[in-house]
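No hydrogens, no waters, no symmetry mates; every other heavy atom, side chains included, goes into these values. Positions are given from 1, in the same order as the sequence printed here.
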Amino acid sequence: MKKSILIVAAALTIGLLTNNVFAQTQPATPAPATPPAQTAPAAKADSVKDIDATIANVADLSSLTADIKAANLDASLKAVGPFTVFAPDNAAFSALPKTTLDSLMKDPVKLATLVNAHVVAGTYDKKGIIKALTNATRTATLKTVDGQTLTIAVVNKKVQIKDAHGNTAEITSFDTPATNGVIHGVNGVLMAK
């Protein structure tokens with residue numbers, strides 16, 4: 001009988017210790033629920049604007065913004081699209097001869113042609129550009145909204161764009177989203193024929 005009491009007492013002690021251990025390892029209060037995965041992307045989607053507004057919000061694209069306004073292309077870059085814009089930075093515009101810039105700023109039609117030399121109908125994100133370059137020649141051609149041909153190629157492990165005059169620009173940033181397309185930063189100004 002003493003053995004039975006000891007066995008029952010031992011079992012009760014083990015049971016109480018086990019419950020105590022489990023009670024210590026379980027959280028006292030439930031962890032807060034994680035927000036749904038859609039919360040962050042929805043907030044980001046709300047902050048995406050059209051191509052014109054997106055370019056206007058980038059300080060290093062202020063020259064391009066001024067050219068878009070002077071060429072009266074604001075409305076075109078707000079249109080449904082989709083468009084792909086190869087956006088020259090301020091350094092690219094400052095590398096042009098001052099006489100060329102002055103001449104363009106006085107002629108909105110020529111300026112519009114210059115700006116449109118950087119705009120392609122359709123969306124060509126980084127993935128799409130790389131896919132287009134996976135051919136035997138490792139080059140691809142795109143048509144601008146004015147019908148000009150841009151040639152894209154990989155040169156020295158960098159993606160480069162060449163216009164009909166042979167001017168080149170390297171893509172320095174990819175895939176800035178806009179509601180009506182995508183913007184890639186480039187370090188050179190492309191010219192139309």
Side-chain angles (χ1 to χ4, degrees), residues 48-68 70-71 73-74 76-101 103-104 107-193:
V48 175
K49 297 174 177 20
D50 62 52
I51 288 174
D52 182 60
T54 301
I55 289 172
N57 283 327
V58 178
D60 199 33
L61 298 178
S62 61
S63 295
L64 179 59
T65 300
D67 291 348
I68 289 168
L73 292 175
D74 326 46
S76 297
L77 294 176
K78 291 177 188 289
V80 175
F83 303 107
T84 299
V85 176
F86 297 100
D89 58 20
N90 291 343
F93 279 104
S94 64
L96 290 176
K98 186 172 178 359
T99 54
T100 302
L101 283 175
S103 171
L104 288 168
D107 188 345
V109 174
K110 285 184 183 177
L111 188 58
T113 301
L114 174 95
V115 171
N116 284 331
H118 298 85
V119 182
V120 175
T123 301
Y124 296 93
D125 60 2
K126 182 179 183 179
K127 185 178 176 182
I129 291 171
I130 290 170
K131 184 177 180 182
L133 292 172
T134 57
N135 57 40
T137 62
R138 300 202 34 98
T139 62
T141 58
L142 300 174
K143 291 286 185 189
T144 67
V145 292
D146 281 350
Q148 302 293 317
T149 300
L150 298 177
T151 304
I152 299 179
V154 176
V155 178
N156 297 323
K157 298 183 181 179
K158 307 272 185 189
V159 179
Q160 193 176 77
I161 305 168
K162 186 182 344 180
D163 64 22
H165 294 285
N167 299 310
T168 61
E170 181 182 301
I171 298 179
T172 55
S173 66
F174 287 90
D175 295 347
T176 300
T179 56
N180 58 344
V182 65
I183 304 163
H184 305 299
V186 295
N187 64 359
V189 177
L190 304 169
M191 299 288 182
K193 270 187 167 176

Is [Y] close to [X] at the side-chain level, that is, under 4.5 Å between some pair of heavy atoms?
X      : Y      : result
Val120 : Phe86  : yes
Val80  : Asn180 : no
Leu150 : Asp163 : yes
His118 : Val189 : yes
His184 : Ile129 : yes
Leu104 : Leu111 : yes

Sidechain-backbone polar pair: [X] side chain, [Y] backbone, donor-acceptor under 3.5 Å:
X      : Y      : result
Thr172 : Gly185 : yes
Asn116 : Val145 : no
Asp175 : Asp125 : no

Run the side chain to side chain contact (heavy atoms under 4.5 Å, CB included) test on Leu73 and Ile68 for me, step by step, so that the C-alpha distance in whole Å, both residues' side-chain angles and the decisive distance to 0.1 Å come before the verdict. CA-CA 5 Å; Leu73 292 175; Ile68 289 168; 4.2 Å; yes
Rounded distance (nearest 0.5 Å) linking atom [atom1] of [X] with atom [atom2] of [Y]:
X      : Y      : atom1 : atom2 : result
Leu96  : Ser103 : CG    : OG    : 11.5 Å
Gln148 : Leu142 : CD    : CG    : 13.0 Å
Ile152 : Thr139 : CD1   : OG1   : 10.0 Å

When Val186 is tested against each of Val159, Thr168, Ile161, Asp89 for side chain to side chain contact (heavy atoms under 4.5 Å, CB included), which residue passes?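 For Val186, the side chain to side chain contact (heavy atoms under 4.5 Å, CB included) test succeeds with only one of Val159, Thr168, Ile161, Asp89, which is Ile161.
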[X] to [Y] - nearest heavy-atom pair and separation:
X      : Y      : result
Ser94  : Ala91  : OG-O, 3.0 Å
Lys49  : Ala53  : CB-CB, 3.7 Å
Gly181 : Thr123 : CA-OG1, 4.2 Å
Thr113 : Asp146 : CA-OD2, 3.9 Å
Ala169 : Leu190 : CB-CD2, 4.2 Å
Leu101 : Phe93  : CD1-O, 3.4 Å

Using the rule given for side-chain hydrogen bond (donor to acceptor under 3.5 Å, both in side chains), can you reason through Asn90 versus Ser63, listing the C-alpha separation, both sets of side-chain angles and the distance that settles it, and then say yes or no? CA-CA 6 Å; Asn90 291 343; Ser63 295; 3.2 Å; yes
Could you walk me through whether Leu77 and Asp50 satisfy the side chain to side chain contact (heavy atoms under 4.5 Å, CB included) test, starting with their C-alpha distance in whole Å, then the side-chain angles of each, then the deciding distance to 0.1 Å, before giving a yes or no? CA-CA 7 Å; Leu77 294 176; Asp50 62 52; over 6 Å; no
Salt bridge Lys78-Asp52, side-chain N to carboxylate O under 4.0 Å: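 Salt bridge between Lys78 and Asp52, a charged N being under 4.0 Å from a carboxylate O: yes.
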Show the numbers, then the answer: is there a side chain to side chain contact (heavy atoms under 4.5 Å, CB included) between Val154 and Gln160? CA-CA 6 Å; Val154 176; Gln160 193 176 77; over 6 Å; no
